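Notes follow the structure.
Model, not experiment: these values are computed from the prediction. A note on names: the letters A, B, ... follow the listed sequences, proteins ahead of strands, and every chain is numbered from 1. Both backbone and side-chain heavy atoms feed into the values below; hydrogens, waters and symmetry mates do not.
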There are 2 protein chains.
Amino acid sequence: MANPMYRQIAEDLREQIESGLLKPGQQLRTEIELRDHYGASRNTVRDAIKWLTTLGLVETRPGQGTFVVRKIEPYVTTLTADPKNTAGGDIADIIGLYGEISDEANSGEKKKRTFFKTPPQVEIQKATEIIATQLQVADGTQVISRHERRYIDSTPWSLQTSFYPMGFVLKGAPRLIEAGDIEVGAVKYLGDTLGLRQVAYRDWITVRAPDLTEALFFGVPQDGRIGVFEIFRTAFDQTGAPLRLTVTVFPTDRNQFIINVGPVPAESQP
Amino acid sequence: MANPMYRQIAEDLREQIESGLLKPGQQLRTEIELRDHYGASRNTVRDAIKWLTTLGLVETRPGQGTFVVRKIEPYVTTLTADPKNTAGGDIADIIGLYGEISDEANSGEKKKRTFFKTPPQVEIQKATEIIATQLQVADGTQVISRHERRYIDSTPWSLQTSFYPMGFVLKGAPRLIEAGDIEVGAVKYLGDTLGLRQVAYRDWITVRAPDLTEALFFGVPQDGRIGVFEIFRTAFDQTGAPLRLTVTVFPTDRNQFIINVGPVPAESQP
DNA sequence: GCAAATTTGTTCGTATGTATT
DNA sequence: CAATACATACGAACAAATTTG
């Protein structure tokens, strides 16, 4: 035979899953039962299951069994919002959760989703190369770091860290180094105190494997099968100087993004 | 033991790789040598290597050995170009490869990259649900499909398929169903023949596992460890009607994207 | 071009550990 | 505590791919 046995077994199970014979959440037969069914050894059955696991079709739980994965209802974020729009507070103002926070559910009803985020964890850090480059400060300069964990419907959704030049505090924006939310929104606060208006931003989108902290927070496997979007948003003020750098990490299994260029007609998203 | 042995071996090798002791492209010791070195069985060593493989740190080649992966120099695509800009022909006009086609090499020199694409493979297809929704035609209606394979520096870079409503051909744009390039660019051609101008577009960005065809074309593993961006670009004309849907697939290991909103100062990308 | 040596890939059997019910 | 189910680990044999002589 052309293909190894474990791949044939995997293929057979994959067809059962994709045809709907095995439904999401349903338990597969145990390794012993599959061993007898396919006339292979238990190790070979385990190789087949491991292959399906890497493909993201099934997940195994020790002491319980192997289950067909449930797909997560994706959340869609629009990245091209009005850069001057700061209404809606911190959650909305940072990474573009403007507009409708609702979603077409399976039943066809509109499902309202709820946001929750932790208060910012504030630190003074030395700028890494990428931070220094984006904020146009010298390498190793101290910067303000404000870190949040963000949830939707109590599902871990994203990890976000914003970096500000240290000079902002001395020039009249002391609340940047206070832990806790800035109720009016950080962008409006900088406008009120320093006269800095966010008029533009650039997003840089990459995908990489999650680190251990991210994997634990998002509840994704630690082996990098499921990647994370890492979006670097560099915001600029009216003089063209960098205002802040916001780094947000989203797991790719539950996030999608929209970009609008020009007068795009308003309508339902795909 | 807290951690299983294969994870400890993997961790030891990972530190050697990340510390630079094992350099990209370098061959690891053979499974037999590692077995003797760590005092484990060959199968346990293989489990460790498989873990590193899933993490994307090493790759094994049958008959040769296990090697530290070389990172691919990423290509950066700007998604927010002027929607009316159609200069540069087909390559540039479809998915935003406007501007500088150059890149900072390791040595610090500017390295010019070369594009190549196959002539379009043209087909008449029935619209799937997503195509019908985006083009605002009835489900099952016939549409024109133009498919291309695209390379940069002879590396497979992306797979792109554009869909047009069938009506465009009857209304005076017959070249859409001819195989081969439209030299002036498809957007300009539609403007010249039908008076349709592309004034806006919406990009919808997702990440998923590659299918078999994509994995073979891009040379990535078939097990889904390395995902692909799938970008749906719906373009609109001056009346707000959909002009075409372009679906482009990029492997995540060699592609990054930039979005500019507002007057972003021109400067070097990260 | 072929044969041998090297290296990873697949499969089996067995035993024991760990998590959950 | 006992039963069940997956996780780890060992040893062995042969197959397949590649390089070397």
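Between B:Asn3 atom CG and D:dA7 atom P the separation is 16 Å, expressed in whole Å. Distance, A:Trp51 CH2 to C:dT11 P: 12 Å, rounded to whole Å. In this structure, CD of A:Glu59 is placed 16 Å from C1' of D:dA7, rounded to the nearest angstrom.
For the side chain to side chain contact (heavy atoms under 4.5 Å, CB included) test, residues two or more places apart in sequence or in another chain that qualify with A:Asp47 are A:Tyr6.
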Please tabulate the protein-to-nucleotide N/O contacts below 3.5 Å involving nucleotides 8-10 of chain C, giving atom names and distances.
{"unit_1": "C:dT8", "atom_1": "OP2", "unit_2": "B:Glu31", "atom_2": "N", "d": "3.0"}
{"unit_1": "C:dG9", "atom_1": "OP1", "unit_2": "B:Thr60", "atom_2": "OG1", "d": "2.8"}
{"unit_1": "C:dG9", "atom_1": "OP2", "unit_2": "B:Arg46", "atom_2": "NH1", "d": "2.8"}
{"unit_1": "C:dG9", "atom_1": "N7", "unit_2": "B:Arg42", "atom_2": "NH2", "d": "2.8"}
{"unit_1": "C:dG9", "atom_1": "O6", "unit_2": "B:Arg42", "atom_2": "NH1", "d": "3.1"}
{"unit_1": "C:dT10", "atom_1": "OP1", "unit_2": "A:Tyr6", "atom_2": "OH", "d": "3.1"}
{"unit_1": "C:dT10", "atom_1": "OP2", "unit_2": "A:Tyr6", "atom_2": "OH", "d": "3.3"}

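Between B:Phe229 and A:Phe229, the angle of the ring planes lies from 30° to 60°, which puts this pair in the tilted group.
For A:Phe232 and A:Phe163, the distance between ring centers is not under 6.0 angstrom. You'll find the ring centres of B:Phe250 and B:Tyr75 outside the 6.0 Å limit.
Within residues 211-222 of chain B, no residue places a heavy atom under 4.0 Å from DNA chain D.
Between the CD atom of B:Glu33 and the CG atom of B:Leu28 there is a distance of 10.5 Å, given to the nearest 0.5 Å.
Judged purely by atom type and a 3.5 angstrom limit, A:Ser158 has no side-chain atom pairing as donor or acceptor with the backbone of A:Thr248.
Salt bridge present: B:Glu214 and B:Arg208 bring a charged side-chain N and a carboxylate O closer than 4.0 Å.
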Candidate pair A:Glu148 and A:Arg146, rule salt bridge (Lys or Arg N to Asp or Glu O under 4.0 Å), full reasoning:
CA-CA 7 Å; A:Glu148 297 174 355; A:Arg146 296 172 66 87; 5.8 Å; no

